[in-house]
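Note sheet for the following structure.
Just so it is clear, the structure is predicted and the values come from calculations on it, not from any experiment. Each ligand, and each atom within it, is numbered from 1 in the order the structure gives.
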Amino acid sequence: MDLTFTPEQQTFRRELQEWFTEHGPKGRLDSPYSEPGYSQHLEWEHALHEAGWAAPSWPAEVGGQGVDAWAELIYDEEYARFRLPERLNKMGLIHGGPTVMAHGTEQQKSEWLPGILTCEDIWCQGFSEPGAGSDLAAVRTTGRIKGDAMIVDGQKIWTSQGIIATTMFALVRTDQESRGHRGLTFVIIDLRSPGVEIRPLGQLHGNPGFAEVFFSGVEVPVANVIGEVGDGWHVASTSLALERGTARGSHTRMEQALVDLARDTAATGASGASVRRLGELAAWVAAYEQAAYASTHEIATGRGKDYASVIKMLGTQILTAVHEENLEVLGADAEVMADHGPNAEMYGMRRNYWHGRGAEIYAGSNEIQRNIIAERQLGLPKEPRG
Ligand SMILES: Cc1cc2nc3c(=O)[nH]c(=O)nc-3n(C[C@H](O)[C@H](O)[C@H](O)COP(=O)(O)OP(=O)(O)OC[C@H]3O[C@@H](n4cnc5c(N)ncnc54)[C@H](O)[C@@H]3O)c2cc1C
């Protein structure tokens with residue numbers, strides 16, 4: 001694997017850096033869950049879209065530039081390096097939209113993809129239910145098909161972005177007699193439809209955004225089914241692999257977290273033990289970067305060796321280790337969570353820590369990733385079912 005960036009890739013990186021320097025928000029934006037913050041994020045998203053930088057890897061016909069996996073990696077690295085705002089429509093961009101590209105019809109692609117880039121539609125993921133988290137095959141929300149409509153009843157939970165979302169890609173059970181993976185269908189639901197109720201849920205780090213979503217006789221066109229009715233497990237697997245498997249600049253964010261840790265370690269009077277720990281973490285971050293590059297190489301060469309679970313598990317594990325060390329170094333100061341003021345960065349550490357702990361659970365918990373790596377990739381015996 002050759003890890004030297006080509007002159008074209010270096011030019012792409014420079015152009016991006018110049019554009020981000022000139023057009024990137026000059027200060028921190030308010031929370032997208034506040035009215036002013038939502039408008040600020042929307043303005044940033046529109047600027048990206050108008051300049052063709054909303055999703056460069058998407059095909060040109062739907063508003064992207066059709067760049068390859070390496071250019072996408074460069075984009076994600078620079079986006080993270082410039083510490084630009086978290087994307088408003090990240091679930092549409094990372095997995096919802098690309099799942100439609102992989103399994104949708106031409107009509108579905110032209111209907112939904114442009115709205116993701118303009119943020120006219122904000123997408124969220126409706127997989128988890130109170131009784132179906134790790135075991136998604138236990139999904140109980142029903143989709144009863146009557147002519148051209150599907151009537152959806154049930155409940156989804158832990159819906160990220162749920163309080164601002166307009167559109168959900170969901171797994172529902174269309175065959176009421178079925179059990180497990182069979183009889184599930186992947187469908188796009190307009191959350192503005194009658195019968196949808198969205199209730200906000202608080203999170204440990206204090207950020208709003210999470211929701212539980214209730215469906216009561218919600219009418220959804222059957223034309224919104226992605227793939228075949230009953231083949232939802234297959235379509236959802238694409239979505240989950242996209243969610244877990246693309247590093248999305250996480251190695252760059254880790255490097256930044258490491259730099260912050262080094263700064264705090266120096267400022268608080270470094271002990272020999274904390275410097276040693278910093279060195280260990282730096283080695284882990286370097287190893288993770290190589291895994292992210294290896295995964296990109298697989299995607300770029302179309303070989304598709306599956307790094308998704310390794311990327312997801314290692315990425316979240318290392319970030320938690322860096323945050324934990326930072327909490328240790330900061331001591332009591334790290335107990336305070338604040339978004340504003342001169343010490344906001346430092347006082348945001350506890351918030352970052354909680355956010356990172358959530359990442360170990362979402363997109364399939366790290367225990368589930370270990371099962372996948374052991375059983376599917378290493379061919380070890382399956383865990384006994386109780
Ligand atoms: C921050 C955050 C954002 C999220 N966003 C979304 C979202 O947008 N949309 C969505 O649909 N869901 C979302 N989720 C839900 C997430 O996917 C689930 O929480 C996750 O899949 C675990 O399911 P559960 O909470 O029901 O835990 P459970 O499945 O009940 O698991 C409980 C514990 O048991 C362990 N466990 C379970 N089964 C096994 C097994 N077979 N082997 C070993 N250990 C096992 C788990 O690892 C976990 O530690 C989000 C979660 C978080 C924390």
**Message:** Can you tell whether the side chains of Glu129 and Arg140 come within less than 4.0 Å, N to carboxylate O?
**Reply:** no
**Item:** Members sharing Ile151's hydrophobic cluster (side chains within less than 4.5 Å)
**Value:** none
**Message:** Between Arg83 and Asp260, does any NZ, NE, NH1 or NH2 come within less than 4.0 Å of an OD or OE carboxylate oxygen?
**Reply:** yes
**Request:** Give yes or no for whether the N/O distance cutoff of 3.5 Å, strictly under, is met between Met91 and ligand 1.
**Result:** no
**Request:** For Ile368, counting its heavy atoms only, list the atoms of ligand 1 lying under 4.0 Å from any of them.
**Result:** 38 (N), 39 (C), 40 (C), 41 (N)
**Prompt:** Who's closest to atom 48 (C) of ligand 1 heavy-atom-wise, of Glu367, Gln369, Glu129, Glu360?
**Reply:** Glu367
**Asked** Purely on distance, is any nitrogen or oxygen of Tyr362 under 3.5 Å from one on ligand 1?
**Response** no
**Prompt:** Is Gln125 in polar range of ligand 1, meaning some N or O pair under 3.5 Å apart?
**Reply:** yes
**Fill in**
In ligand 1, the atoms that come under 4.0 Å of a heavy atom of Gly358 are 53 (C)
**Asked** For the residue pair His251 and Tyr293, does the interplanar ring angle fall in the parallel (under 30°), tilted (30 to 60°) or perpendicular (over 60°) class?
**Response** perpendicular
**Prompt:** Looking just at side-chain N and O atoms, do Ser274 and Ser271 make a donor-acceptor pair shorter than 3.5 Å?
**Reply:** yes
**Request:** Below 4.0 angstrom from a heavy atom of Ser365, which ligand 1 atoms are there? Numbered from 1 as shown, please.
**Result:** 46 (C), 47 (O)
**Request:** For Ser39 and Glu35, indicate whether the former's side chain and the latter's backbone hold a donor-acceptor pair under 3.5 Å.
**Result:** yes
**Asked** Quick one: does Ser128 get an N or O within less than 3.5 Å of an N or O on ligand 1?
**Response** yes
**Message:** Taking distance alone, with N or O pairs closer than 3.5 Å, would you say Ser134 contacts ligand 1?
**Reply:** yes
**Prompt:** Got a donor-acceptor contact below 3.5 angstrom from the Gln290 side chain to the Ala287 backbone?
**Reply:** no
**Asked** Among Gln155, Lys156, Arg199, which one satisfies side chain to side chain donor-acceptor pair (under 3.5 Å) with Glu212?
**Response** Gln155
**Request:** Give the single entry among Val213, Asn371, Ile361 that approaches atom 43 (C) of ligand 1 most closely by any heavy atom.
**Result:** Asn371
**Message:** Under a 4.0 angstrom heavy-atom cut-off, which atoms of ligand 1 come close to Phe127?
**Reply:** 11 (O)
